[in-house]
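Notes follow the structure.
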Amino acid sequence: MSVTGFIGRALLASVFIKNGLDHLQNPDPIVRAAHGAEVPEPELAVKLGSAVMVGAGALLAVGLAPAQPAPPWRPP
């Protein structure tokens, strides 16, 4: 992997990790939005979503679960 690929992956992962941690530390605005969208159990949904963001960001940062490339586009 190239250095630029590593840096790009780390920068993208940092966004997921930071936002996930922010949502875990201050869930009130996200819970209110989820409640307004009629999400069942909005507190649990926000906690789970935040944990998934942190986990996915960490996996992306260390390269254990990199994104798969899209299949080549074929015109109709």
Report summary line: Between the CZ atom in Phe16 and the CG atom in Leu59, the distance rounded to the nearest 0.5 Å is 12.0 Å
**Report entry** Rounded distance [0.5 Å steps], CG in Asn19 versus CD1 in Ile30
**Finding:** 9.0 Å
Query raised in the report: How would you list, by chain and number, every residue that makes a salt bridge (charged side-chain N to carboxylate O under 4.0 Å, His left out) with Lys18, sequence neighbours excluded?
Result: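 Result, salt bridge (charged side-chain N to carboxylate O under 4.0 Å, His left out) vs Lys18: Asp22.
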Report task. Heavy atoms only: give me the nearest Val39-Ala45 pair and the separation to one decimal. Result ->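 Distance-wise, the nearest heavy atoms are CG1-CB, 3.9 Å.
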Query - Pairwise side-chain hydrogen bond (donor to acceptor under 3.5 Å, both in side chains) hits with a residue in residues 26-52, at least two apart - result: none
Query raised in the report: In terms of hydrophobic clustering (I, L, V, M, F, W, Y; side-chain heavy atoms under 4.5 Å; direct or indirect links), are Ile17 and Leu64 co-clustered?
Result: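 Different hydrophobic clusters.
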